[in-house]
2 protein chains.
Amino acid sequence: MTDRTNHLPTKPAPGKAARPPKRAYHHGDLRAALMRAALALIAEHGVKGLALSDAARLAGVSVAAPYRHFKDKEDLLAEIAAEGFALFRDALAVASQKSQGDKVKGLAEMGAAYVEFAVQHRSHFKVMWEGGISKAEYPKVEQPAYQAFLLLRQAVIGLLPKAKPERQQALVSAAWSLVHGYATLMLEHELDVVAGAQSDMKQLRQSIHLLLDQFAAK
Amino acid sequence: MTDRTNHLPTKPAPGKAARPPKRAYHHGDLRAALMRAALALIAEHGVKGLALSDAARLAGVSVAAPYRHFKDKEDLLAEIAAEGFALFRDALAVASQKSQGDKVKGLAEMGAAYVEFAVQHRSHFKVMWEGGISKAEYPKVEQPAYQAFLLLRQAVIGLLPKAKPERQQALVSAAWSLVHGYATLMLEHELDVVAGAQSDMKQLRQSIHLLLDQFAAK
DNA sequence: GCCCTATGTGAAAGAGACTAACATTAATGT
DNA sequence: ACATTAATGTTAGTCTCTTTCACATAGGGC
């Protein structure tokens, strides 16, 4: 039953003739393989439905093997969350560069990037927000998460540089809440009950502009 | 007043005497007791951390007893979600009545009620949204959830009765996303990184008005 | 080649979800 | 009243998953 030669999408093949991925005892890159396996399983069964033993089986190793690379299951999830937040931060950074001139547009870009990330990295996103990972306990997670927040904050405050701090803070939490709520509701298909025929991303951009354009007006 | 007959911590008291609230075989209202026990445990350890067996122990029965009242653990969670959505819907309904004259204020009230519910019914709210309950599978959950949505939708559309449907829909999803995102981020203490000294609810009302006041302007 | 250590394995303990067979009580009908 | 039946609890056991432990294997530096 257990196909020990199957390392997931086995991507290596950097050389020539694909050496039969016959894995002998040592895997080679089990750590990464386990993370990919976990992500694949989460995409299928949700975070709650992830069994570490399934990830191990999918990677073609014994159920005890993961413990050579992760302290426990939560540690694996934390690693995925950390990776996710790093990707997330980078995506937001790219978006923030896009429209340097038009600050309103820049913020809208960032909001779109926020939601787009959630869609394109569903599993990462779910682990990041509903993985139950305590950021205080995992600095590896908190660090990129905080950097991502700072990018968002900067983009919002850039619109109202002279406003009172309370107003800036209200705006920051409002903008964050808007895009975060949109992303989470969409991932759970809750927004299906709202939408007409338009696509999710079109609907999103409409919502974002509807609200963020107003930010500039003030 | 759901206090039936305090069945939670029951001590057999091997000695004689004492007519302690000795529960004789039949509990009396185990179904409700289990739901309360589960909610208490969820408040402490989160949805993920809930063990059905712990709820049983807390209710003073054997670990098999819950299966006389719930098909499985998910069924218990679905029941809690259904109860939560019913309370939620009622809370939104009350809020929608409050400011019949001023529609903008009415919507702000509803938004505040949304978040206030999340705070005051933390455990219910968490089960409702991160419990992993499929609404298609549990009509008992979907029904009150949909009614709650309709209340929110009605409040939003009431502001723009003549607008084009796409615009109305964008507004509905935006308003929903805003309050939902705010509620979820706040429950996870993510907003702590934003806030100054102001309280959560004050911050919320500021955010809501900041955005919802604009709704009326259009 | 040899040793050290990183990495993988099987076995087993412990916990939680669930089931089956049995026990006790509450309800109901006559 | 009393017997039958339906509800509701219990004990014991199975299954799966998490985690640990002692042991096996391989790769790299000397």
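Naming convention: chains lettered A, B, ... in sequence-line order (proteins, then strands); numbering from 1 in each chain.
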Looking only at side-chain N and O atoms, does [X] come under 4.0 Å of OP1 or OP2 in [N]?
| X | N | answer |
| --- | --- | --- |
| A:His69 | C:dA6 | no |
| B:Ser53 | C:dA17 | yes |
| B:Arg57 | C:dG16 | yes |

Quiz item: Base, sugar-phosphate, or nothing: which does B:Ser62 touch, judged by heavy atoms less than 4.0 Å apart?
Solution: base
Quiz item: Which part of the nucleic acid, if any, lies within reach of A:Ala51 when heavy atoms closer than 4.0 Å are counted: base, sugar-phosphate only, or nothing?
Solution: sugar-phosphate
Taking N or O atoms only and anything under 3.5 Å, show me the protein contacts with nucleotides 19-21 of chain D, one pair per line.
unit_1 : atom_1 : unit_2  : atom_2 : d
D:dT19 : OP2    : A:Tyr67 : OH     : 2.9
D:dT19 : OP2    : A:Lys73 : N      : 3.1

[X], [atom1]: over 12 other non-hydrogen atoms inside 6.0 angstrom:
| X | atom1 | value |
| --- | --- | --- |
| B:Gln154 | CD | no |
| B:Arg89 | CZ | yes |
| A:Glu74 | CD | yes |

Quiz prompt | Check against salt bridge (Lys or Arg N to Asp or Glu O under 4.0 Å), A:Glu190 and B:Lys135 | solution = CA-CA 10 Å; A:Glu190 299 287 350; B:Lys135 292 187 183 142; 2.9 Å; yes
Rounding to a whole Å, what distance do you find between [X]:[atom1] and [N]:[atom2]?
| X | N | atom1 | atom2 | answer |
| --- | --- | --- | --- | --- |
| A:Asp54 | D:dT18 | CG | C1' | 12 Å |
| B:Leu30 | C:dT25 | CG | P | 16 Å |
| A:Asp75 | D:dT18 | CG | C1' | 14 Å |
| B:Phe70 | D:dG9 | CZ | C1' | 15 Å |
| A:Leu50 | D:dT16 | CG | C1' | 14 Å |

Side chains of residues 108-122 of chain A: which donor-acceptor partners sit under 3.5 Å, not counting sequence neighbours?
unit_1   : atom_1 : unit_2   : atom_2 : d
A:Tyr114 : OH     : A:Trp176 : NE1    : 3.0
A:Tyr114 : OH     : A:His180 : ND1    : 2.9
A:Arg122 : NH2    : A:Leu187 : O      : 2.9

Exercise. Indicate yes or no: at least one non-hydrogen side-chain atom of B:Ser173 is less than 4.5 angstrom from one of A:Tyr182.
Key: yes
Self-check item: Non-hydrogen side-chain atoms of B:His45 and B:Leu50 separated by less than 4.5 Å
Solution: no
Quiz item: In residues 126-138 of chain A, which ones come under 4.0 Å of DNA chain C, going by heavy atoms?
Solution: none
Exercise. Quick one: pull up CG in B:Asp75 and CZ in B:Phe70 and give me the separation to the nearest 0.5 Å.
Key: 7.0 Å
Quiz item: Between the side chain of A:Lys48 and the main-chain N/O of B:Gly131, is any donor-acceptor distance below 3.5 Å?
Solution: yes
